[in-house]
Number of protein chains: 2
Amino acid sequence: MNEKNQLARPFALPLPTIRRYPVYLRCINEMIAAGETHISSAVVAEKLGLDSVLARKDIAMAGVPGKPRRGYPARELQAAITAALGWDNSTDAVLVGVGSLGNALLGYRGFEEQSLSIAAAFDASPEIVGKTIHGVKVRPMADLPRLVKRLNIRLGILTVPNDAGQPCADKLVAAGIRGIWNFTSVRLSVPDGVIVQNVDLAQSLAVLSHAISAKR
Amino acid sequence: MNEKNQLARPFALPLPTIRRYPVYLRCINEMIAAGETHISSAVVAEKLGLDSVLARKDIAMAGVPGKPRRGYPARELQAAITAALGWDNSTDAVLVGVGSLGNALLGYRGFEEQSLSIAAAFDASPEIVGKTIHGVKVRPMADLPRLVKRLNIRLGILTVPNDAGQPCADKLVAAGIRGIWNFTSVRLSVPDGVIVQNVDLAQSLAVLSHAISAKR
DNA sequence: AAAATATCGCTATTGACATACCGATATAAA
DNA sequence: TTTATATCGGTATGTCAATAGCGATATTTT
């Protein structure tokens, strides 16, 4: 029908669309659980409080053809979005830095939904190394390169103090990591080909506290 | 998503600028600690790996006049950015949902830098209510309205399971909260005037896992 | 079978932010 | 004193995503 879409598919997904995909996916899962066989973009938009055109465009980018008056086939759409997110097969990750935040992430149920499992945890402190936190044994940093290579792990979760951020990132990169989920406040410098996704609580809080303090 | 409307009143600070302010602030603090009395936007940009023009524009928006060849007066700039973020006087917050994530946030040292202190914590589970976590006593949900009003608290931290997200948000709003730091995956619907800032781990992870799985 | 309607899919416009460019000015050097 | 230079401040351009509008099409209804 339309060869343009086919050709442009693999990397044509805008970043904001990818960010919204988990939200759509959750909604679609709920609708399937409720017995729906077809998903209308308008209904999804309504449920999520999004603009109907935006939802339609995002969903259309998944590549599944929809039918007017029926919507998109539910299962196929679910599979396509799951695949686009890379959540269709399990991803192993290592976690570096078992402080309060690292501890919480180790205990966080909910990553399974995204097919993410933390295969190993590392810490520099001898007091923590050797302990088992939420079923994961904490190993010394020296073991990191070997383990990452042996298990062919591509994702690293960085939950160390700020001053250890860059050095630990370097170690992860050297071990062959492809993506870093960065929970520190430092801006990491990594070589091309390594992807960093920042979760900076300070940045997020900044917007809130500015808005709250500005309006009074 | 539509917080632009709220902030358009006294200071028209762009949202991305506000998000970058904590990063600048950290850098400025370090430079002051190193003995600098004047801050050059070019130096800040260099240190942070940002575009020099971007840093200059962001810093200029703080409202402190700088001098050519010298830079911006360090202390004044520090004070201005701190004030713009609303971090100049202490903000009290309540935390709702003492699960693994809520637990971690209660124990997280580092909010003091942003003048945020968690004044009270609430949970629906009778098993948790009454316990003291990291020095904060966990109270029943029924106490929320009274306490929020009495302490005049404006910020709520939402770390409950997804299905409890909207109901708890409603309770916070009813109690008079002005801003919600939303760690759930649900998109909250709140009345105008209440600001929601989402920290959705699933969204963040989506970008990473998509990128990692796409390139191979 | 024909009309009505809901939904998809495409293109154009808008708007916000980042980037680039250029002039102004204060400090330092000659 | 004069010249050079680094830095600030404003204006203009480009880019990307959100929004709006319109035509196409399949399903339902009469």
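A note on names: the letters A, B, ... follow the listed sequences, proteins ahead of strands, and every chain is numbered from 1. Note that these values count all heavy atoms, side chains included, but never hydrogens, waters or copies made by symmetry.
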Among all residues two or more places apart in sequence or in another chain, which pass the salt bridge (Lys or Arg N to Asp or Glu O under 4.0 Å) test with A/D58?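 In terms of salt bridge (Lys or Arg N to Asp or Glu O under 4.0 Å), with neighbours along the sequence ignored, A/D58 is linked to A/R20.
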
Restricting to salt bridge (Lys or Arg N to Asp or Glu O under 4.0 Å), what partner residues turn up for B/E113, sequence neighbours left out?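 Only B/R26 meet the salt bridge (Lys or Arg N to Asp or Glu O under 4.0 Å) criterion with B/E113.
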
Atom [atom1] of [X] and atom [atom2] of [N]: how far apart are they, to the nearest Å?
X: B/L77; N: D/dT7; atom1: CG; atom2: C1'; value: 14 Å
X: A/I59; N: C/dC8; atom1: CD1; atom2: P; value: 8 Å
X: A/L13; N: D/dA17; atom1: CG; atom2: P; value: 11 Å
X: B/I18; N: C/dA16; atom1: CD1; atom2: C1'; value: 14 Å
X: B/L48; N: C/dA18; atom1: CG; atom2: P; value: 15 Å
X: B/M61; N: C/dA16; atom1: CE; atom2: C1'; value: 13 Å

Base, sugar-phosphate, or nothing: which does B/R20 touch, judged by heavy atoms less than 4.0 Å apart?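 If one applies the 4.0 Å heavy-atom cut-off, B/R20 turns out to touch the sugar-phosphate alone, with no base involved.
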
Side-chain polar contacts of residues 61-85 of chain B - donor-acceptor pairs under 3.5 angstrom, sequence neighbours left out - could you list them?
from, atom 1, to, atom 2, distance (Å)
B/R70, NH2, B/H38, NE2, 3.4
B/Q78, NE2, B/N29, OD1, 2.5
B/T82, OG1, B/Q78, O, 2.6

For DNA chain C, the residues among residues 36-46 of chain B that have a non-hydrogen atom under 4.0 Å from it: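 Here the set is empty: none.
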
For [X], enumerate each residue passing the side chain to side chain donor-acceptor pair (under 3.5 Å) test, keeping only those at least two apart in sequence or located in another chain.
X: A/D88; result: none
X: A/Q203; result: none
X: A/T184; result: A/N182

Nucleic acid footprint by protein, nucleotides 19-28 of chain C - heavy-atom cut-off 4.0 Å, B for base, S for sugar-phosphate alone: BBB---BSBS

Residue whose nearest DNA chain D nucleotide is more 5′ - A/L15 or B/V64: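 Looking at DNA chain D, the more 5' nearest nucleotide goes with B/V64.
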
Can you check whether A/F111 reaches A/S117 side chain to side chain, under 4.5 Å on heavy atoms?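 A/F111 does not reach A/S117 side chain to side chain.
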
Just list the side-chain donor-acceptor pairs under 3.5 Å for residues 163-170 of chain B, sequence neighbours left out, or say none.
from, atom 1, to, atom 2, distance (Å)
B/Q166, OE1, B/S189, N, 3.0
B/Q166, NE2, B/D170, OD1, 2.8
B/Q166, NE2, B/S189, O, 3.1

Do the side-chain N or O atoms of B/Y72 get closer than 4.0 angstrom to the phosphate oxygens (OP1, OP2) of D/dG9?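 So the side-chain polar atoms of B/Y72 do come within 4.0 Å of the phosphate oxygens OP1 or OP2 of D/dG9, strictly under.
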
Quick check: does any side chain N or O of B/R178 sit under 3.5 Å from a backbone N or O of B/R154, one acting as donor and the other as acceptor?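 Absent.
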
